[in-house]
There are 2 protein chains.
Amino acid sequence: MKRTLETIDYHEDTEEMAMFAKALGHPTRIAILRHLEKSCSCFTGEIVDIFPLAQSTISQHLKELKNAGLIKGELNPPKVKYCIDNDNWNKAKSLFCDFFDINERNTSCSV
Amino acid sequence: MKRTLETIDYHEDTEEMAMFAKALGHPTRIAILRHLEKSCSCFTGEIVDIFPLAQSTISQHLKELKNAGLIKGELNPPKVKYCIDNDNWNKAKSLFCDFFDINERNTSCSV
DNA sequence: AATATTTATCGTATATTTGCGATGAACAAA
DNA sequence: TTTGTTCATCGCAAATATACGATAAATATT
């Protein structure tokens, strides 16, 4: 990716939003998140069973969602229970709201 | 990217949202869009001048934003004037709102 | 201790993305 | 007609992403 010039410094919000968007930039990851939104939390195995993809592939997607901060995994050996990371989820929500000029109210479903 | 199984069919919303998110998944493209949100429309050259990137690189980013439908370019030879594509912008807005469970009201700034 | 279950990680192959310079196309100005 | 301006596209290189099977780690069960 050759960059002769120094790396660009964007505003923190810009960098952060791009990071979240990148994590959301794959249909499998959107689908995983939708599932976690509904079921609140579930084990890797349940997610694997939803998709016609290898277990290692799903694990990879979960890792990326975790790296972006959108989900977190709770150890429950030998299982791992995943759920939405609400703090970062709300952060992402705010960033997208600002970006799209949305009047953000009633941001949470019933809290 | 070896895929032995048939390609997965996701819900249309899921596919579409992933496509928009992917386009938003780079800080330069976020910054370009923020600029277009402010200035309403501008020529390629003006955008090129903002970033320490080659003209061809910016052109590439503009192409991706155009392919995703988020912007459109109006020929104004030899210049090209870019602006937000409001229809698709609103579509993207809705998808993200649904996804993040946002009560979408007052979606436009003053229309 | 041996086996089964669950999940992450490694190694690999291929595709896509990101960046650049060079070139070409389209038009305006001289 | 020649020259300059503006922008997209081509061709290339390097990095990253996506997918898979195989394997390892961690624990429960037998």
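Note that these values count all heavy atoms, side chains included, but never hydrogens, waters or copies made by symmetry. In what follows, chains are A, B, ... by sequence order, proteins preceding strands, each numbered from 1. Predicted, not measured: the structure shown is a model, and the values here were computed from it.
Here A/Lys81 lies out of heavy-atom contact (under 4.0 Å) with every strand. In this structure, B/Tyr82 reaches the sugar-phosphate backbone alone: every heavy-atom distance under 4.0 Å involves primed, P, OP1 or OP2 atoms, never a base. Residue B/Thr44 is in sugar-phosphate contact alone, with no base atom involved, counting any heavy-atom pair closer than 4.0 Å across all strands shown.
The separation between B/Glu74 atom CD and C/dC27 atom C1' is 16 Å, rounded to whole Å. Regarding A/Leu53, its CG atom lies at a distance of 16 Å from the P atom of C/dT7, rounded to whole Å. As rounded to whole Å, 13 Å separates atom C1' of C/dC27 from atom NZ of B/Lys79. Regarding B/Ile47, its CD1 atom lies at a distance of 9 Å from the P atom of D/dA8, rounded to whole Å. Following rounding to the nearest Å, B/Asp49 (CG) and D/dT5 (P) show an atom-to-atom distance of 14 Å. Separating the CD1 atom of B/Ile8 from the P atom of D/dA19 is a distance of 7 Å, rounded to the nearest angstrom. Atom NZ in A/Lys63 sits roughly 7 Å away from atom P in C/dC10 (whole-Å rounding). As a whole-Å value, the separation of A/Ile58 CD1 from C/dA8 C1' is 14 Å.
Picking from D/dT16, C/dT17, C/dA22 the nucleotide with the shortest atom distance to the side chain of B/Ser56 gives C/dA22. Here D/dA8 is the nucleotide among C/dG21, D/dA8, D/dT27 with the atom lying nearest to any side-chain atom of B/Ser59. Here C/dA8 is the nucleotide among C/dA8, C/dA26, D/dC20 with the atom lying nearest to any side-chain atom of A/Val80.
Toward the 5' end of DNA chain D, the nearer of the two residues A/Gln55 and A/Gly25, judged by each one's closest nucleotide, is A/Gly25. Summary of the strand contacts: A/Gly45 and B/His26 both lie near DNA chain C, and taking for each the nucleotide with the nearest heavy atom, the more 5' one is attributed to A/Gly45.
Proximity of a side-chain donor or acceptor of B/Ser39 to a complementary backbone N or O of B/His35 within less than 3.5 Å is detected.
Side chain A/Gln60 to base C/dA8: no donor-acceptor pair is found below 3.5 Å. No N or O donor and acceptor, one from the side chain of A/Glu64 and one from the base of D/dA17, sit under 3.5 Å apart.
A side chain to side chain contact (heavy atoms under 4.5 Å, CB included) with B/Phe51 is found for exactly one of B/Asp49, B/Leu53, B/Val48, namely B/Leu53.
A/Arg34 places a side-chain heavy atom less than 4.5 Å from the side chain of B/Asp13.
Contact record, B/Pro27 with A/Thr14: O-CG2, 3.4 Å, taken as the closest heavy-atom pair.
By the criterion of side-chain heavy atoms lying less than 4.5 angstrom apart, applied directly or through intervening Ile, Leu, Val, Met, Phe, Trp or Tyr residues, A/Phe43 is not grouped with A/Ile84; the two fall into different hydrophobic clusters.
Phosphate contact (OP1/OP2 of C/dT17, side-chain N/O of B/Lys22, threshold under 4.0 Å): present. Regarding contacts with the backbone of D/dA19, a side-chain N or O of A/His61 is found under 4.0 angstrom from either OP1 or OP2. For A/Thr57, no side-chain nitrogen or oxygen approaches OP1 or OP2 of D/dT18 to under 4.0 Å.
Classification of the B/Phe96-A/Phe96 ring pair by plane angle, with boundaries at 30° and 60°, yields parallel.
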